[in-house]
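The structure presented is a predicted model; accordingly, all values stated were derived computationally and were not measured.
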Amino acid sequence: MNDFLDLDQTLDCGQAFRWTKVDGIWQGIASGQKLSVKQDNIEPIKENPFWSHYFDLDTDYLTIKNKLIRISPIMELAINFSPGIRILNQDPWEMVISFILSQYNNISRIKSMVNNLCQITNPTTLNFPTPNQLLALNPEKLNSLKFGFRDKYVLDGARKINEGRVDLEYIKTLSIEEAEKELEKIVGVGKKVAACILLFGFHRFDSFPVDIWIKRAMDKWFDGQTGEKVFGPYAGIAQQYLFNFIRNGLNT
DNA sequence: CACCAGGTGGAAC
DNA sequence: GTTCCACATGGT
């Protein structure tokens, strides 16, 4: 088992919604920066501090994976299915909106919603909108995005973050339980969405999002125990290997 | 065409 | 405190 970055596994495992693969080239935008990169040459990532951090190249996944493998044979299967997954360092605000949109939705449509949002707010740069840009969307444009019942949730998030009623910097200083409570001040952010925001936007490896797939996995293989109890401080990373394994790894 | 999706808020027990 | 249900829409 070596410690590498697999772009297919990392960018297509449900943690990021703004990457597309065209002719073998992964293209994406994060924090106003653009990247085109191929698996057989990831130098552009290694030599750029922003992208190195984004792809979490400083974290020792080898050690973490070996610890998780020792916990259970299923975890070993899950890790061996997609050993090149890494948890990205994504923008917290973008994660708030993206995972509000993720609820009761499928990944393919989440991607199109998020990309349409960027297209309609920043047609030339395709950057993710700021809270103000989101709040400035007129009703016709917002309606055209077809967020459905999530409209009011997205707006509540933008409003509370814009006004500082939910402070993303402050959240960085909080315990996992306090941080979760703070994020849940936003209407439409419950336990699961908060956990995703903390794991993918705040790099909190101790956050364990439980969606329908992870619920199935924990019931099926871990006697319904909690992820925190089974996997400890790296539960969030374990969760991502398990998520990809139970969704894509069983009938192949 | 049914069935389902990286859930949540709110009403009803 | 727990359980039940509506929710907008489109992918498969």
Practice prompt. Let me know which of Phe205(A), Phe99(A), Phe17(A) forms a ring-ring contact (aromatic ring centres under 6.0 Å, His included) with Phe200(A).
Written response: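 When Phe205(A), Phe99(A), Phe17(A) are each tested with Phe200(A), the ring-ring contact (aromatic ring centres under 6.0 Å, His included) holds only for Phe99(A).
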Item to complete: Identify which nucleotide among dT8(B), dG10(C), dA5(B) has an atom closest to any side-chain atom of Arg216(A), counting heavy atoms from C-beta outward.
Response: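 Nearest listed nucleotide: dA5(B).
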Worksheet item: Closest to the Val187(A) side chain: dG7(B), dG9(B), dT9(C)?
Response: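 Out of dG7(B), dG9(B), dT9(C), the nucleotide with an atom closest to Val187(A)'s side chain is dG9(B).
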If I take atom [atom1] in residue [X] and atom [atom2] in nucleotide [N], what distance separates them, rounded to the nearest angstrom?
| X | N | atom1 | atom2 | value |
| --- | --- | --- | --- | --- |
| Gln103(A) | dA8(C) | CD | C1' | 11 Å |
| Met113(A) | dG11(C) | CE | C1' | 11 Å |
| Phe208(A) | dG7(B) | CZ | P | 14 Å |
| Asp151(A) | dG7(B) | CG | P | 18 Å |
| Ile212(A) | dT8(B) | CD1 | P | 13 Å |
| Tyr153(A) | dT9(C) | OH | P | 14 Å |
| Leu101(A) | dT8(B) | CG | C1' | 14 Å |
| Phe149(A) | dG10(B) | CZ | P | 13 Å |

Worksheet item: How far does the P atom of dT12(C) sit from the matching atom of dG7(B), given to the nearest Å?
Response: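 To the nearest whole Å, 16 Å.
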Item to complete: In whole angstrom, give me the gap between the P atoms of dG10(C) and dT8(B).
Response: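 About 22 Å, rounded to a whole number of Å.
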Worksheet item: Quick one: on DNA chain B, does Lys192(A) or Val189(A) contact a more 5' nucleotide (nearest heavy atom)?
Response: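 The residue whose closest nucleotide sits nearer the 5' end is Lys192(A).
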For [X], answer base if it contacts any base atom (sugar-phosphate contacts may also be present), sugar-phosphate if it contacts only those atoms, and nothing otherwise; contact means non-hydrogen atoms under 4.0 Å.
| X | value |
| --- | --- |
| Gln240(A) | base |
| Val210(A) | nothing |
| Gly188(A) | sugar-phosphate |
| Phe200(A) | base |
| Phe147(A) | nothing |

Item to complete: Could you tell me whether the phosphate oxygens of dA5(B), OP1 or OP2, come under 4.0 Å of any side-chain nitrogen or oxygen in Arg150(A)?
Response: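 No, because none of the side-chain N or O atoms of Arg150(A) sits under 4.0 Å from OP1 or OP2 of dA5(B).
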Practice prompt. Check whether any side-chain N or O of Lys152(A) sits under 4.0 Å from OP1 or OP2 of dA8(C), and answer yes or no.
Written response: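 So the side chain of Lys152(A) is within the cut-off, an N or O lying under 4.0 Å from OP1 or OP2 of dA8(C).
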Discussion item. Taking 5.5 Å and 30° as the limits, would you call Tyr104(A) and the base of dT8(B) a stacked pair?
Written reply: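 Stacking between Tyr104(A) and dT8(B): absent.
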Discussion item. Can you confirm whether the side chains of Asp8(A) and Trp26(A) place a donor and an acceptor under 3.5 Å from each other?
Written reply: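 Yes, because at least one side-chain N or O of Asp8(A) sits under 3.5 Å from a partner of the opposite role on Trp26(A).
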Worksheet item: Do the side chains of Phe147(A) and Tyr153(A) get nearer than 4.5 Å, heavy atoms only?
Response: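 SC-SC contact between Tyr153(A) and Phe147(A) ruled out.
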Worksheet item: Got Trp19(A) and Gln27(A) here, is their nearest side-chain heavy-atom distance under 4.5 Å?
Response: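 No - every pair of side-chain heavy atoms lies 4.5 Å or more apart.
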Item to complete: Kindly compute the distance separating CG (Leu183(A)) from NZ (Lys160(A)), expressed to the nearest 0.5 Å.
Response: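 That separation rounds to 11.5 Å.
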